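For clarity, every value in this text was computed on a predicted model and none was experimentally measured. For the numbers below, each heavy atom of this structure counts, side chains included, while hydrogens, waters and symmetry mates do not. Every chain is numbered from 1, with letters handed out A, B, ... down the list of sequences.
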Amino acid sequence: MIEITLPDGSKRPFDHPVTVQEVAASIGAGLAKATLAGKVDGQLVDAGFPIGHDASVQIITEKSPEALEILRHSTAHLMGQAVQRLFPGAQVTIGPVIDNGFYYDFAYERPFTPEDLPKIEAEMHRIVDERLPVTRSVKSRDAAVAFFRGLGEEYKAEIIEGIPANEELSLYTQGEFTDLCRGPHVPNTGKLHSFKLMKVAGAYWRGDSSNAMLTRIYGTAWLNDKDLKAYLYQLEEAEKRDHRKIGKQLDLFHQQEESPGMVFWHANGWAIWQQLEQYMRGVYQKSGYQEVRCPQILDVSLWKKSGHWDNYKENMFFTESEKRTFAVKPMNCPGHVLVYNQGLHSYRELPIRIAEFGSCTRNEPSGALHGIMRVRAFTQDDGHIFCTPGQIESEVTAFHAQAMQVYADFGFDKIEVALALRPDKRIGGDDVWDRAEAALRAALSRAGVQWTELPGEGAFYGPKIEYHMRDSIGRDWQVGTMQVDFMMPERLGAEYVDENSQKQHPVMLHRAIVGSMERFIGILLEHYAGALPTWLAPVQVVVLNITDAHAAYAGQVAQTLVDRGFRAQVDLRNEKVGYKIREHAMQKVPYLIVVGDREKETGTVAVRTRTGEDLGNMNVDGFIERMGTETRH
RNA sequence: GCUCAUGUAGCUCAGUCGGUAGAGCACUUCCUUGGUAAGGAAGAGGUCACAGGUUCGAUUCCUGUCAUGAGCACCA
């Protein structure tokens with residue numbers, strides 16, 4: 001007699017060992033059909049897993065969070081089988097699940113090409129239609145080695161030989177295809193449907209360039225066709241919105257070989273930057289920060305004291321002069337401590353908030369560089385709050401509210417908060433980390449925030465709250481951060497005098513809202529597909545004349561707008577108005593003003609938006625008022 | 001940094017099985033003065049990323065370097 005406990009707490013007795021599938025069937029035919037796998041006493045298992053003792057059992061269906069990974073893994077096997085059917089002699093090696101899908105590495109007499117993918121995909125669909133049962137079996141290590149050698153699967157055999165001899169290995173078989181795998185897998189190939197092969201790439205066996213070259217085939221797999229389509233649509237949409245493309249089209253910035261990972265801002269891009277910076281400067285002012293500016297290059301001895309030398313050296317650029325070594329600053333915190341250290345501080349002055357549009361240079365790995373999203377030289381809206389331990393909570397909650405307001409002002413309303421905890425490579429003892437992590441948790445709770453925790457992801461000097469913004473096509477970007485640091489003030493000798501005339505080290509909070517100006521602008525461009533809100537648009541309005549007879553009036557209207565502080569231009573080129581409209585609309589200029597005889601006579605402007613909406617005629621003051629309302633922030 | 005791919009006119013791309021290159025858009029000039037997403041004609045524009053090698057001859061083949069892209073790892 002065994003007793004199965006279901007997730008709702010109900011118990012079901014069975015007088016014989018049962019499989020997960022049978023448990024599902026005892027609950028209902030629908031559930032039995034939907035069963036992909038199971039969880040027995042918290043352990044993921046196949047639907048066919050036999051349960052011989054009292055256990056808690058959960059049925060995994062497409063609705064379960066674990067389902068997608070199982071489906072993707074089974075789809076990888078499906079692809080392996082299809083490849084071996086089409087290309088006899090191809091050996092399978094490893095086939096893991098990755099973000100959005102899976103890949104499988106193959107050894108074959110020639111590399112696979114993109115032209116092979118449709119054929120493989122078609123074969124995969126045939127195998128799905130065959131609804132082959134997927135069965136699990138167990139072999140000893142040596143038997144497994146012999147089995148795969150017998151099939152000519154040298155790579156598989158080599159993998160297994162690396163596993164201790166006393167371990168039993170599970171094999172999964174569907175039709176003529178057998179692979180070594182931990183599982184679990186779907187009960188039959190008919191459960192797989194929404195997948196697509198994406199691309200091929202070369203990869204060395206075991207990632208070692210002295211080994212043989214394999215072909216890696218990437219695929220994506222989803223619970224249903226709707227999710228698959230949504231994913232493919234997102235990829236397409238993301239490509240259209242790529243900030244590198246928009247940056248070129250709208251003449252915002254460029255990058256070139258002589259300065260890899262750095263940005264040449266053109267006038268249009270710099271106009272966006274100026275808006276962002278002015279806005280953030282206002283945030284500094286409203287929330288009690290003093291804005292400062294520190295040097296780019298500081299003696300290496302400072303970075304040794306701060307801990308960067310030991311923990312961050314490989315990411316730093318160094319330069320020498322007269323036998324002294326200097327570091328180009330990768331972070332702004334030490335500089336701010338040096339500013340704080342000028343003069344003596346009383347506890348009465350705390351918190352002291354120091355902020356900077358701090359330009360940082362980091363020697364990022366070349367493969368990490370990506371447009372203006374991931375660069376080697378970037379500017380942070382970086383601030384450091386020097387406070388007492390008792391002030392941490394109120395500072396963090398105030399920061400949180402401010403940050404959320406900023407994200408909302410830029411048009412982002414879905415923000416996820418994560419708490420990154422102590423990494424392996426860190427300074428300071430566990431007791432200090434306990435305090436720092438507890439302080440952030442307490443502040444987040446008080447702010448009424450839901451958060452997820454990321455063990456091992458913190459900065460080397462302290463844990464951090466991370467703000468992730470979701471953009472208009474569903475991607476998440478890490479932007480803001482709030483970090484508690486008990487270490488740096490002590491290392492760099494920051495002090496204040498407490499109520500008892502004793503010198504104490506303040507706590508240092510590192511915080512940023514947009515994170516990197518470069519990345520944030522990149523995110524904005526992709527979020528808005530280049531069509532920035534009027535207050536951020538590099539050119540807000542272009543005045544177009546119809547013929548030369550209206551040139552003077554057009555110039556006068558544009559000048560009025562410029563005088564009122566708007567970014568207005570005039571386009572007097574000898575072109576048809578349709579041509580000029582098309583051009584400026586494609587440049588995503590929010591408003592286009594057309595002036596001809598009618599407007600000149602009545603002193604009005606004809607206004608249309610970049611999307612083609614006709615706002616009709618209005619007088620210049622009316623337009624100025626509209627612009628004023630729209631650009632107020 | 002690793003793997004693979006890519007690098008041709010300002011931009012987007014063709015092309016050359018080895019004999020120094022072409023389109024569209026943009027640009028210049030001329031015609032056209034036209035009311036809401038491309039008016040017409042002519043013209044100019046390229047050490048084919050860089051450095052070596054093979055060759056009578058290399059943009060093309062080979063090697064290396066640099067950069068970029070995709071993925072991995074890393075991260076703001």
Point to revise | A/Glu526 with A/Arg519: basic N within carboxylate O range, under 4.0 Å | key: no

Review point. Can you tell me if the side-chain N/O atoms of A/His370 get under 4.0 Å from OP1 or OP2 in B/U68?
Key: no

Practice item. Quick one: closest heavy-atom pair of A/Ile246 and A/Arg241, and the distance? Key: CD1-O, 3.3 Å

Practice item. Please round to the nearest 0.5 Å and tell me the distance separating atom CD of A/Glu356 and atom NE2 of A/His384. Key: 9.5 Å

Check your understanding: Taking CD from A/Glu257 and C1' from B/U6, how many angstroms apart are they, rounded to a whole number?
Key -> 13 Å

**Study point:** Gap in Å between the two C1' atoms, one belonging to B/A49 and one to B/G7, rounded
**Key:** 6 Å

**Study point:** side-chain N/O A/Arg244 vs B/U68 OP1/OP2, d < 4.0 Å
**Key:** no

Check your understanding: Tell me: NZ of A/Lys245 to P of B/G10, nearest whole Å?
Key -> 21 Å

Check your understanding: What is the nucleic acid contact for A/Leu369, judged by heavy atoms within less than 4.0 Å: base, sugar-phosphate only, or nothing?
Key -> sugar-phosphate

Review point. Among B/A67, B/A37, B/G35, which is the nearest nucleotide to the side chain of A/Pro260?
Key: B/A67

Exercise for review: Return the nearest nucleotide to the side chain of A/Ile581; candidates are B/U36, B/G35, B/C74.
Suggested key: B/U36

Review point. Quick one: the side chain of A/Glu599 and the base of B/G35, do they pair up donor-acceptor inside 3.5 Å?
Key: yes

Exercise for review: Between B/A58 and B/G53, how far apart are the P atoms? Round to whole Å, please.
Suggested key: 11 Å

Exercise for review: Name the nucleic acid region contacted by A/Val514, choosing base, sugar-phosphate or nothing; use a 4.0 angstrom heavy-atom cut-off, strictly under.
Suggested key: nothing

Check your understanding: CE/A/Met469 to CG/A/Asp476 distance, rounded to the nearest 0.5 angstrom?
Key -> 9.5 Å

Point to revise | Gap in Å between the two P atoms, one belonging to B/U54 and one to B/A42, rounded | key: 48 Å

Practice item. Could you state the atom-to-atom distance from OH of A/Tyr104 to C1' of B/C72 in whole Å? Key: 19 Å

Check your understanding: Do A/Phe253 and A/Phe264 make the cut of ring centroids closer than 6.0 angstrom?
Key -> no

Review point. So what does A/Gly522 hit on the nucleic acid, given a heavy-atom distance under 4.0 Å: a base, only sugar-phosphate, or nothing?
Key: nothing

**Study point:** Separation of the C1' atoms in B/A73 and B/C56, to the nearest angstrom
**Key:** 49 Å

Review point. How is A/Tyr218 classified with respect to the nucleic acid when contacts are heavy atoms under 4.0 Å: base, sugar-phosphate, or nothing?
Key: sugar-phosphate

Point to revise | Option from A/Ile354, A/Thr379, A/Asp382 for which side-chain contact (heavy atoms from CB on, under 4.5 Å) with A/Asn332 holds | key: A/Asp382

Review point. Where each residue is assigned the nucleotide of RNA chain B containing its nearest heavy atom, which of A/Arg376 and A/Asn617 is assigned the position nearer the 5′ end?
Key: A/Arg376

Study note, to complete from the structure: Each base of RNA chain B marked ( ) or [ ] if paired in-strand (Watson-Crick or G-U under 3.5 Å), | if paired to another strand and . if unpaired gives (((((((..((((.....[..)))).(((((.......))))).....(((((..]....))))))))))))....

Review point. Can you check whether A/Ser366 has a side-chain N or O nearer than 4.0 Å to OP1 or OP2 of B/G1?
Key: yes

Review point. Taking all atoms of both residues into account, what is the closest heavy-atom pair of A/Phe412 and A/Leu524, and its distance?
Key: CE1-CD2, 3.8 Å

Review point. Can you tell which of B/G35, B/C27, B/A76 lies closest to the side chain of A/Arg598?
Key: B/G35

Point to revise | Within 45° cone and under 6.0 Å: A/Arg470 NZ/CZ vs A/Trp477 ring | key: no

Practice item. Just call it for A/Asn315: base, sugar-phosphate, or nothing, with non-hydrogen atoms closer than 4.0 Å on any strand. Key: nothing

Check your understanding: Atom CD of A/Glu583 to atom P of B/C11: distance rounded to whole Å?
Key -> 17 Å

Review point. What is the nucleic acid contact for A/Ala606, judged by heavy atoms within less than 4.0 Å: base, sugar-phosphate only, or nothing?
Key: base

Check your understanding: Atom NE2 of A/His584 to atom P of B/U36: distance rounded to whole Å?
Key -> 16 Å

Review point. Is A/Lys576 paired with A/Glu583 through a side-chain N to carboxylate O contact shorter than 4.0 Å?
Key: no

Practice item. Using the P atom on both, measure B/C62 against B/G19 and round to a whole Å. Key: 15 Å

Practice item. With P as the reference atom in both, quote the distance from B/C4 to B/A38 in angstrom, rounded to an integer. Key: 47 Å

Review point. A/Lys248 has a side chain; which of B/U33, B/U12, B/G35 sits nearest to it?
Key: B/U12

Revision key, fill the gap. Winner on side-chain proximity to A/Thr547, out of B/U36, B/A76, B/U33, is B/U33

Exercise for review: Could you check how far CE of A/Met373 sits from C1' of B/G69, rounded to whole Å?
Suggested key: 15 Å

Review point. With sequence neighbours excluded, what pairs up with A/Ser366 under the side chain to side chain contact (heavy atoms under 4.5 Å, CB included) test?
Key: A/Arg376

Exercise for review: Select one nucleotide: of B/A73, B/G35, B/C75, the one nearest the side-chain heavy atoms of A/Arg374.
Suggested key: B/C75

Practice item. Decide yes or no on salt bridge (charged side-chain N to carboxylate O under 4.0 Å, His left out) for A/Glu457 and A/Lys464, but give the supporting numbers first. Key: CA-CA 8 Å; A/Glu457 303 270 307; A/Lys464 58 183 182 184; over 6 Å; no

Review point. What's the closest nucleotide to the A/Gln478 side chain, out of B/G71, B/G35, B/A76?
Key: B/A76

Check your understanding: In whole angstrom, what separates A/His254's NE2 from B/C11's P?
Key -> 10 Å

List, with names and distances, any nitrogen or oxygen atoms from the protein found under 3.5 Å away from nitrogen or oxygen atoms belonging to nucleotides 38-47 of chain B.
residue: B/A38; atom: N9; partner: A/Arg582; partner atom: NE; Å: 3.4
residue: B/A38; atom: N7; partner: A/Arg582; partner atom: NE; Å: 3.3
residue: B/A38; atom: N7; partner: A/Arg582; partner atom: NH1; Å: 3.4
residue: B/A38; atom: N7; partner: A/Arg582; partner atom: NH2; Å: 3.2
residue: B/A38; atom: N6; partner: A/Arg582; partner atom: NH2; Å: 2.5
residue: B/A38; atom: N1; partner: A/Arg582; partner atom: NH2; Å: 3.2

Exercise for review: In whole angstrom, give me the gap between the P atoms of B/C66 and B/A14.
Suggested key: 26 Å

Check your understanding: Cationic tip of A/Arg72 within the cone over A/Phe102's six-membered ring, i.e. under 6.0 Å and within 45° of the normal?
Key -> no

Check your understanding: Mind checking the P distance from B/U59 to B/G1? Whole angstroms is fine.
Key -> 29 Å

Point to revise | Whole-Å distance separating the CD atom of A/Glu314 from the P atom of B/C75 | key: 10 Å

Review point. Where each residue is assigned the nucleotide of RNA chain B containing its nearest heavy atom, which of A/Glu364 and A/Asp614 is assigned the position nearer the 5′ end?
Key: A/Asp614

Check your understanding: Stepwise, does the side chain to side chain contact (heavy atoms under 4.5 Å, CB included) test hold for A/Val263 with A/His254?
Key -> CA-CA 6 Å; A/Val263 185; A/His254 85 273; over 6 Å; no

Study note, to complete from the structure: Closest of B/G34, B/A37, B/C27 to the A/Ala585 side chain is B/A37

Practice item. Indicate, with a heavy-atom threshold strictly under 4.0 Å, whether A/Val577 touches base, sugar-phosphate, or nothing. Key: sugar-phosphate

